[in-house]
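Heads up: the structure comes next, in structure tokens.
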Number of protein chains: 2
Amino acid sequence: MLSERDPQPESPQSGSTGRIVISVDAMGGDRGPAAVVAGMADSASKNPAIEFIVHGPEPELAQLVAKRSELSGRCAIRHAEGVVTMDDKPGQVMRNGSGTSMWSAIESVRNHEATVAVSCGNTGALMALSVIRLRKLPGVNRPAIACLWPSRNPGGFNLMLDVGADIKADAPDLLQYALMGASYARNGLGIERPRIGLLNVGTEEHKGRAELKAAQDLIAAATETGNFDYVGFVEGSDLPSTRVDVIVTDGFTGNIALKTGEGTARLVGEFLREEFNATLLSRFAALLALGPLKRLRKRIDPRRQNGGVFLGLNGTIVKSHGSADATGVSAAIKLAFRLAESGFQDRLAARVASAALAGQDAAQPLEQNRASE
Amino acid sequence: MLSERDPQPESPQSGSTGRIVISVDAMGGDRGPAAVVAGMADSASKNPAIEFIVHGPEPELAQLVAKRSELSGRCAIRHAEGVVTMDDKPGQVMRNGSGTSMWSAIESVRNHEATVAVSCGNTGALMALSVIRLRKLPGVNRPAIACLWPSRNPGGFNLMLDVGADIKADAPDLLQYALMGASYARNGLGIERPRIGLLNVGTEEHKGRAELKAAQDLIAAATETGNFDYVGFVEGSDLPSTRVDVIVTDGFTGNIALKTGEGTARLVGEFLREEFNATLLSRFAALLALGPLKRLRKRIDPRRQNGGVFLGLNGTIVKSHGSADATGVSAAIKLAFRLAESGFQDRLAARVASAALAGQDAAQPLEQNRASE
């Protein structure tokens, strides 16, 4: 019998004053280093327990950091000349990326100066570099990217993974996603016993692809090991649902769902703006409705749930939207801090390792049971 | 060289007074036959050129139809005792479904009494029955379900297929979806030369699954045969985009995207309602904003784009939402009428057949070219 609680983690990496250190790639985002440093300053002013190592061209960063009094004494600069652009191919970056700010930001996690790294750069390159520099956790075959999704649940968010680390996943991969997603939900969202659902085209048992039926059996058998509940198949319409906390799917499907959801929310927002601009009366109504419209915008603003988390590596990486502004970067840093503070990385590693062990133990009797049926 | 225009179709099936006949399954929807007959009456009052054959238990239908003066003399009743429920498995319905209203509704298309059939029933059963009774068009391997998607394009809609006829599709299937989708867009949406995009996790050439790269080559080579333009890979966020008119994908991915989009639009609508109900002032603002909010609701109302169209069979079937009310049923009937009127079915069949021929012709030199490279 495994413990119901995650094991106690080692304490996260602390800076000179006992603060938690976050490694930040200042380059590679669409808005350049000024937006990133502004986001760091924003976070520092709200959170006295945070400290940074920021990576990029020293002269430029020194100037930007000097302008922000909030960062004074709380931000080390690591010089890196090179920048990974959005057009660079992951393969190229793996071969030639060692002088880049992205590489350097990951390096700070690798050598235990920081617990979590944040980057707005090229997702494919960031994942590729993270895998070769941090290596996969023992027992993990495919790392995954997890994202938050606005939901009707009390916390306001559900979790979905994989949203694009890999274009495929077989049944054992989907089981690992369930374990990693449950651990993230527990440590990042504070959900004691997360409810896991498997994304499919219908909720009936007989529906969907063969690997989903196999994954369903594996996940249903791992609820005690993983300390989660399994709610069965869920559909696209369930992503914001109160039936489920963590939605498990392959990275192709998850990426399409994520972008479809974002695109739909943006479309509805545009339609709303058009309708309120349509007539003089409706423009007047919009003035009176400023409050509710502003609160709505906040609830569906992708910047406020900014940050895909790379799971399954020896270290945690938070991928911010490429187009993130200071608000977006600050949201990603907040998420990185929460994960670092909770000791998430060590808890996740322990959970995956114990599940791998339990899987080995369970495999034998399970097969015998089947054979004797 | 193939003609740029679709061939002239045979004229659609006409009723006793030269009207276009639509076959309607009155049963199997969540709201029962009253909602379906109300939708028919609604359509009849708006469209003098429409006539119906309605299928279900005669006594019940006779009573409902008699109450609607709009349907007087324009609606034949075909008695069918059985009802396919939402829980029936497609396999069961294929074996035992011959006495059901769904079977009977398809039969009217099969024996050329009607051009298009409309049903609110169980999608899986409707597709299974349609395939065994109508048979696939020559040259079609997998039939598909196409749905409309609110978009920023002038017509207000993009088209996506497959959204759930089959859980997989290989490259030649995706090519057929492109051909069928282009034909639907031309005849159903009036887009002379539709722009086709292939749904993927990125727009770069090197991204995505192997079958998508193969499908891309096939579709790009068929633009003249199919009378469409190919715009390349599109992402989930492009579903409402002006870059594209028809989005091609496999039925698993398409179904997830469709339900994710619907679910997101519903969530934003709920958030909006909550925010306008939050305070006294915001409730007052909502009163003034009634006009714009109502127009927004109309633009994203799934009932108004109601109707998945089954493509690739010897006959056209429109699947209405199971929960459709009179407005939803009427929208599905309107779509069915437009497709019947345009002679869509014959145009589609001719297009698929000519593409199959062109494909056979092209296969030989293409292989030789590759070998000589």
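So you know, we letter chains A, B, ... as the sequences are listed, proteins then strands, and number each from 1. This is a predicted model, so every value here is computed, not measured.
The closest donor-acceptor contact from the side chain of A:N141 to the backbone of A:D173 lies at 3.5 Å or more, if one exists at all. No side-chain donor-acceptor contact under 3.5 Å links A:E275 to the backbone of A:L272. Between the A:R266 side chain and the B:S237 main chain, no donor and acceptor come within less than 3.5 Å of each other. A:D245 contributes no side-chain N or O that, together with a main-chain N or O of A:N158, makes up a donor-acceptor pair within less than 3.5 Å. B:N255 places no side-chain N or O within 3.5 Å of a backbone atom of B:G164 that could act as its donor or acceptor partner.
Chain B forms the most heavy-atom pairs under 4.5 Å with one residue out of A:D87, A:T279, A:T253, A:L267, and that residue is A:L267. Most heavy-atom pairs under 4.5 Å with chain B, from the set A:E274, A:K259, A:K294: that is A:K259. In terms of heavy-atom pairs under 4.5 angstrom with chain A, the leader among B:G263, B:A257, B:G251, B:G269 is B:A257. When each of A:L199, A:D238, A:L258 is scored by its heavy-atom pairs under 4.5 Å with chain B, the top score falls to A:L199.
Within the 4.5 angstrom heavy-atom criterion, no atom of B:I247 approaches chain A. For B:N277, no part lies near chain A; criterion is any non-hydrogen pair under 4.5 Å. Of the atoms belonging to B:S151, it is backbone heavy atoms, and not side-chain ones, that fall under 4.5 Å from chain A. The contact between B:D250 and chain A is made entirely by side chain atoms (from C-beta outward), counting heavy-atom distances below 4.5 Å. Neither the backbone nor the side chain of A:T249 comes within contact range of chain B; no heavy atom of the residue lies under 4.5 Å from a heavy atom of that chain. Contacts of B:L239 with chain A are made by side-chain atoms alone, with heavy-atom separations under 4.5 Å and no backbone atom involved.
Residues B:E270 and A:R152 are paired through a salt bridge, judged by an N-O separation under 4.0 Å between the basic side chain and the carboxylate.
Distance check: B:L174 CG to B:L161 CG gives 9.0 Å after rounding to the nearest 0.5 Å.
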